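Single-structure report; data block below.
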Amino acid sequence: MTQSSVGGMTHQRIDRLVMRGIVKQFPGVLAADHIDFDVQSGEVHALLGENGAGKSTLMKMLYGLYQPDEGTIEVNDSPVKIGSPQDAIRLGIGMIHQHFMLVPSLTVAENVALGMRGIRDGVLRLDDVVRGLLELSEQYNLKINPHTPIWQLAVGEQQRVEILRALYKGAALLILDEPTAVLTPQEVDDLFRILRQMTDDGHALIFISHKLHEVLAISHRVTVLRDGKKIDTIPTSEATKRKLAEMMVGRPVVLEYDKHPVKRGEVRLRLERVSALSNRGDLGLKHVSLELHSGEIVGVAGVSGNGQHELAQVIVGLRPLESGAIYVDGNDVTGKSPAVMNRLGVSYIPEERMIDGVVKEFTVAENLVLQDHAREPFARGGLFMNFKAITEACQRAIRDYEIKTPNTETPVKNLSGGNIQKLILARELSRNPHVLIAAQPTRGVDIGAMEYIHQRLLDEREKGTAILLISEDLDEIRLLADRIAVLFEGEIVGIVDSADADVETLGLMMAGVREHES
Amino acid sequence: MIDDIIGTVFKASVAASTIRLATPYIFASLGETLGQRSGVLNLGVDGIMLMGAFFGYYAVLTTESLILGVLAALFIGGLMGLAMAFISVTLKAEQGISGIGVYLFGLGMSELLFQEFVGTPQSVDGFPRISIPGLSDLQFLGLGDIFFNHNLLVYVAFALVPMTAFVLNRTNFGLMIRAVGQNPEAADAMGVSVTRVRYLTVTLGGMLAGLAGASLSIALLNVFQQNLTAGQGFIAVALVYFGGWRPYGVLLGAMLFSFVNALQLQIGISAPEIPSEFAVMAPYVVTIIALMFASKRRERPDALTVPFERG
Amino acid sequence: MTSSNDSRFSSSILVAWLNRFLDAMPLLIALVLALLVASILLLALDANPITAYAAMFEGAFGSENATAETLVRAIPIMLVAIGITVAFRGGVINIGGEGQMIAGALFGTWVVLRIGDSFGVWSIPVSLLAAFAAGGLFGGLAGFLKAYFGVNEILSTIMLNQVAVQMMNFLLNGPMLDPADAGVNNIPKTARIASAAQLPRLAFPLGGEAALFDRTRLHTGLLVAVLLAVIIYIILWQTTIGYRIRAVGQNEHAARYAGINVERQTVLAMFLAGGAAGLAGAVQVLGLQYRLQTDGSPAGFTANAGFNGIVAALFGGLNPLGAIPASAFFGALLVGARRIQTELGVSSSIVLVINGLIVVFVVSSQLFVRRRVRQRLSALMNEDAQNTEKPPDSSLDATTVKAEGGHD
Amino acid sequence: AQDGPFRVAAVAPSATNDLAFSQSMFDALTKIQEELGEDNFEFVFQDGTFIVDDAAVALRDWASSGDFDLVIAHGSQFGSILEELAPEFPEVSFAWGTDQNTFGLDNVFAYTAAAEQGGYINGAIAAGMTETGVIGVVGPIEVGDAKLYVDGFVAGVAATNPDVTVNVTWIQSFSDVPLATEAAETLIANDADVLTGTAQMVVGPIAVATENDLPWFGTQSSQADLAGDDGVLFQIYRWDVVLKDMIEQIQNGTLGGESFVISLENGGIEMEIDPDRFGDDADALAAFEEQVNALVDGIVSGEIVIFPDEAAEPAATEEVEG
Ligand SMILES: Nc1ncnc2c1ncn2[C@@H]1O[C@H](COP(=O)(O)OP(=O)(O)OP(=O)(O)O)[C@@H](O)[C@H]1O
Ligand SMILES: Nc1ncnc2c1ncn2[C@@H]1O[C@H](COP(=O)(O)OP(=O)(O)OP(=O)(O)O)[C@@H](O)[C@H]1O
Ligand SMILES: [Mg+2]
Ligand SMILES: [Mg+2]
């Protein structure tokens, strides 16, 4: 039997897909070690594992981006060779990547049309693509304007485009690699609704996430990977948070921290009606006023693309203000350069670790002194680098912050995500900041590293640092923050004590509903 | 003197030379635009132009067939483009540098072949001026001479501008080109072969560069000599940046540069008291200044000069 | 290399050199391939490749004088290449070496003509500094246009090359024209510079009155180049200036956050690159021609050093010290290939063809160099993924540097 | 190298068949070889050394080899090289041009051309041919014999018909054919109906002249073939004349110190009439030859003073010790 999709193309429906004895060796890493994995029509099969466990790699092999060194793949019990994404698409396999695969300058419709068979050659005819998209967004009620260029869309919307595209191309099996990392609770519910609808239509789904409660909520079966090995596959009904977490990490893990009450001290950072432009040229921040006291963590919640990025950049001096003023420890630093902010004790853990946080080609040691390279003791007379001092400081940091690296001279690009994050943490905290801006500090790092980073932030809080924790992970914010400010379309819709902030209220605020209204 | 200059600006002949001078740049820059929009910088354009110029010239010299001349130029241009693609796409060589290699090769090779097979300069019967009936003798503002009294390749060059714009913006091939230049990973994930697209654009770019050379040797100059292009290929690359990777922008750049050049030749006659060194310098200076204040809206391909590796 | 600091063990240094040699293998293979392709061409021109390459080698190293000429030809390439490494490290592509050489030569010569020998031996450093400044400003201009007006440097440097040439034609034919020559032959050239301002010839005493490179044109410009290479090397990897330039070149976002003034680094990188090129221009005058003369074309004066310098910089692994042998190699190639024409009667343009082939092949070989490096890298990752306290392989960066091949 | 054949080595900036400067020297050496015979006269010629350094390498190489009786640097841009090289090899004889500065060295000959003479004749005749009263000149850089030729041409025109305008465009390059071509087009657009020019990039302007059927006057070498039947008159350099003098001096042990000028007087400059010009119209040809010869005689006899108002001019015809 065949199943037709709006995209106009029909596929052999995927009743069952099996991967057997899959092996993938990367230089230096055995990313997949004889892994068996299977998924059936109508089910959601969750794939769990720490960063680097091999989840994406396994899926990329299924989607034809990598070739397995060993092992076979069968669709409906007949072996298949998936040599390229084309093959995968032809087989009805779709993938929503951890890092979205969209071309910013192209419109939604153009992104969908990209590489479609049938219209591979000749003049662009987007009409039927547009029509198909509208039908689909009708069917799954996913609001989207086919003519908007991608760069104008918020991350959540971009994900919808990814999903619609997969559906349009008639994916019978859809792989979702960490799809919820960037969504509000409501959006997650929305996504789950769609996923269920898809399974009812007979789609087979593979769902990758770090968030255990999501896995428990949506999946029928769970497979856990660790260091490229399959630990086990169990029915979700038999799984609990703690059990899954321990399977992932291989040891018992803390899921809450004991947060000592700290008396909040004087105001360290003050924003007065700060407005700033976004990259799109519109007001990304609108009259944001905020006070940050020493010894407190203020969490900034909100759907990504609602001004978090601009907020952080404005404070550290990377983005000019349109209006308003910023004070650090009482002195006016409005429009000051990052250099000045550094000197005044403002530290920053950037959201885009690889882009803003480190110089990939530089060594661990070099990255550790990015701000202070010209100051004693790292430089003599501000001119000559003192590598002895730098190396020593680096070895200390490696020890203190448990950074996994072969040596101080390894180019950072060869470190793992979590370890790079630890390096940044070491750099920023070692400067004894008065104010710490932590943007998505644990995005894409595994539970082990996450625990560690959280504990460090709490320690800083006790040392009296004023911490602004910008995160899209509500659990994280509620776990750490004393107060929670919610950003929506560049405005703070409200600030609540985390004690009396439940997910629903926050979720509504993140959707723009002011607290008193709710 | 000033009024001399003012007067010359509106001289019909200046407009006419502008159009002639712009022709080779338009061919070469459009070709380079295709390549760069897909993410490949080809600095070897001048070398390819020279080879195209010689092959076109030699074909016409020996066969007296203009068609064969054009085909020969397209062929050698395509061949060198293909080589450039292999070097920069498959071998992932540093593009700025390999381009210089291709340039040196073309510069030497065209001269070598010329010395071997021709020797002393001889002129050929190149593309004749086609006077468009009715229009070419249009007296009003000398429009006839300006627009309707050129050789075929000139018309082709200008016709190619909208065509290239159309291909880039309105066809699937263009969509793939833009995607591959902007975000190769995404294009790849959508089943577009990054390699195939880049091979195509760079080869096409080579063919157009070859044609640009031929437009000199068998249409505008009708001779060949060592280093006939005198570095025009490098200007062509610069004009792609000037044009913000958009065909019409490239046209604008080519016209501006050529206009100032035509103007300085005219001024050399109307106002001989201006040192010719400065006159000759003018087009280059003006181009830079123009770009300083041009709008910064650009279609710069994010993946320009970055070789693609899957995963 | 990044922090080639005192507390390093000789053992790992040894490994480093071994690795560096192995990394060079693909490069040598590429060379051989290029020459093979050229041989086909030579055969087609019924010239015997063996004889040709023999002649080439003969021409480059056959005699004391040939070797000297090879080095002489290499000097300007060297100086330009050294500068180019800075530009590349700072993320700028400098195609303006030709123009910057001319700018440096013009101002350097002007100064030296002005001060005559009133400064005695000091007139040399003075005019060299002047040349550096002029070339630097000319290069810095392109950097400035890029940093503050968003004018792409490939475009501006290509254009500025022409501006420089016309400047030279104008000055040499007017303001700077040799007074003794004015109205006589109308040859656009400056007066001859005072002998005190001429870079001394360079010869290495062999004991007795015999001296190597005695009676050749080899001049102390070579020492200038070597000195500059060392200085630039120190600036790039031992000082905060170089650190900032490299940081901006690799990742301007991170650099910007760290409080580094990105625009300033871009201008500075181009200033240093241009300055080195300017030095190249002046050295040609002070060490070789003793007066500045033009035939109206850039190449006539620069001998394409502005371009070959770019390539040499890459061959040198974007390392100022590596630029020295790389440039010497080009000097040999260019000087040697001349012989093919005179001895086999092949058109002189064969030089350019071989030059081009070698560039293309060697650049292409970088891929295989990279592969090798990555393998050794990950081998290293395994070997001590656990152990964090271990003497690092100081060749690591040297080779990754080569691998990165200077992307902007 | 006294016994055995007389051996000469020469460098020249462009190709031996550039129809211009470099070719004029190559033809001269070839001619001498034809006259003296292969076994009495040998020469090696390196062309395309527009890169001064390449020439420097070759010259020093030849000088140090000691195989050559005469080493020629054909190109005024090579002067500074010779100035340094010659003193180091006093036993070798050098010659260079076009210039007349021997740097006061007694092993350096200098040679130049009285280019203004042919320029004057071309100008005088061109002035009689123009109907629009405008003549166009495409020049490279305002230097050396290019400048002399153009000055002479202008003088020739003025002397014949003061009402005729001569527009000169210096394109600041010896090799930029596209620019030279467009310069010619522009000159025509400004009513020029007779064209001339000098240096190797004139192949472009010549093509323009033939395309528009306008008379073309040339210099340095014969461009008759390229100019089709639009070629009129060409000033041809016959360096062999002065070369023979040098050879003689060298064989008599004088290695240099003298500065030579080729001119109509010593037959070093010849005027060639384009054969295709008059087809088989013998009378017209005869009449034209008449006209040309009259001018030649005038200059040789001194009746015609090319630069009347500048007594000193042309300096190139005096002898100066550097
Ligand atoms: N491109 C690469 N080439 C070679 N080795 C790599 C590459 N990327 C990662 N590695 C190595 O693979 C290991 C795991 O990488 P990954 O980023 O997945 O770490 P991770 O498991 O996420 O660690 P963490 O949990 O700390 O984030 C790292 O030690 C890293 O050195
Ligand atoms: N292209 C590559 N080259 C070398 N190593 C790689 C490459 N891609 C992934 N790896 C390594 O393979 C291992 C598995 O990576 P993978 O991305 O599959 O982990 P993951 O489970 O998806 O982690 P995350 O949760 O961070 O996405 C990691 O150690 C990673 O560093
Ligand atoms: Mg992953
Ligand atoms: Mg003729």
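Basis for what follows: all heavy atoms, side chains included, without hydrogens, waters or symmetry-related copies. These numbers were taken from a predicted model, which means no experiment stands behind them. Just so we're on the same page: letters track the sequence lines, and every chain starts at 1.
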Reported [atom1]-to-[atom2] distance for the pair [X] and [Y], which is rounded to 0.5 angstrom:
{"X": "C:Ile158", "Y": "B:Tyr241", "atom1": "CD1", "atom2": "OH", "value": "8.5 Å"}
{"X": "C:Leu314", "Y": "B:Ile97", "atom1": "CG", "atom2": "CD1", "value": "5.0 Å"}
{"X": "B:Glu111", "Y": "C:Ser347", "atom1": "CD", "atom2": "OG", "value": "5.0 Å"}
{"X": "C:Asn161", "Y": "B:Phe234", "atom1": "CG", "atom2": "CZ", "value": "9.5 Å"}
{"X": "C:Phe144", "Y": "B:Met292", "atom1": "CZ", "atom2": "CE", "value": "6.5 Å"}
{"X": "B:Ile288", "Y": "C:Met159", "atom1": "CD1", "atom2": "CE", "value": "7.0 Å"}

Of the options C:Leu367, C:Val360, C:Val363, which is the one that meets B:Ile87 in a side chain to side chain contact (heavy atoms under 4.5 Å, CB included)? C:Val360
Check each of C:Leu352, C:Ile350, C:Leu41 against B:Met109 using the side chain to side chain contact (heavy atoms under 4.5 Å, CB included) test, and report the only one that passes. C:Leu41
Check whether [X] gets within reach of chain C through its side chain, its backbone, both or neither, counting any heavy atom under 4.5 Å.
{"X": "B:Phe278", "answer": "side chain"}
{"X": "B:Gln115", "answer": "side chain"}
{"X": "B:Thr90", "answer": "backbone"}

Non-hydrogen side-chain atoms of [X] and [Y] separated by less than 4.5 Å:
{"X": "B:Thr305", "Y": "C:Ile93", "value": "no"}
{"X": "B:Phe105", "Y": "C:Leu357", "value": "yes"}
{"X": "B:Val285", "Y": "C:Val163", "value": "yes"}
{"X": "B:Glu277", "Y": "C:Leu171", "value": "no"}

Shortest non-hydrogen contact between [X] and [Y], atoms and distance:
{"X": "C:Leu45", "Y": "B:Leu112", "answer": "CD1-CD2, 3.8 Å"}
{"X": "C:Phe307", "Y": "B:Ile100", "answer": "CD2-CD1, 4.2 Å"}
{"X": "C:Ser364", "Y": "B:Leu91", "answer": "CB-CD1, 3.5 Å"}
{"X": "C:Met167", "Y": "B:Met281", "answer": "N-CE, 3.7 Å"}

Taking B:Leu107, B:Val240, B:Val280 one by one, which has the highest count of heavy-atom pairs under 4.5 Å against chain C? B:Val280
Residue C:Ile95 versus chain B: region with a heavy atom under 4.5 Å: side chain
Proximal component of C:Val351, with respect to chain B [non-hydrogen, under 4.5 Å]: neither
I'd like to verify something: which residue of C:Val353, C:Val359, C:Ile154, C:Val311 has the highest number of heavy-atom pairs under 4.5 Å with chain B? C:Val353
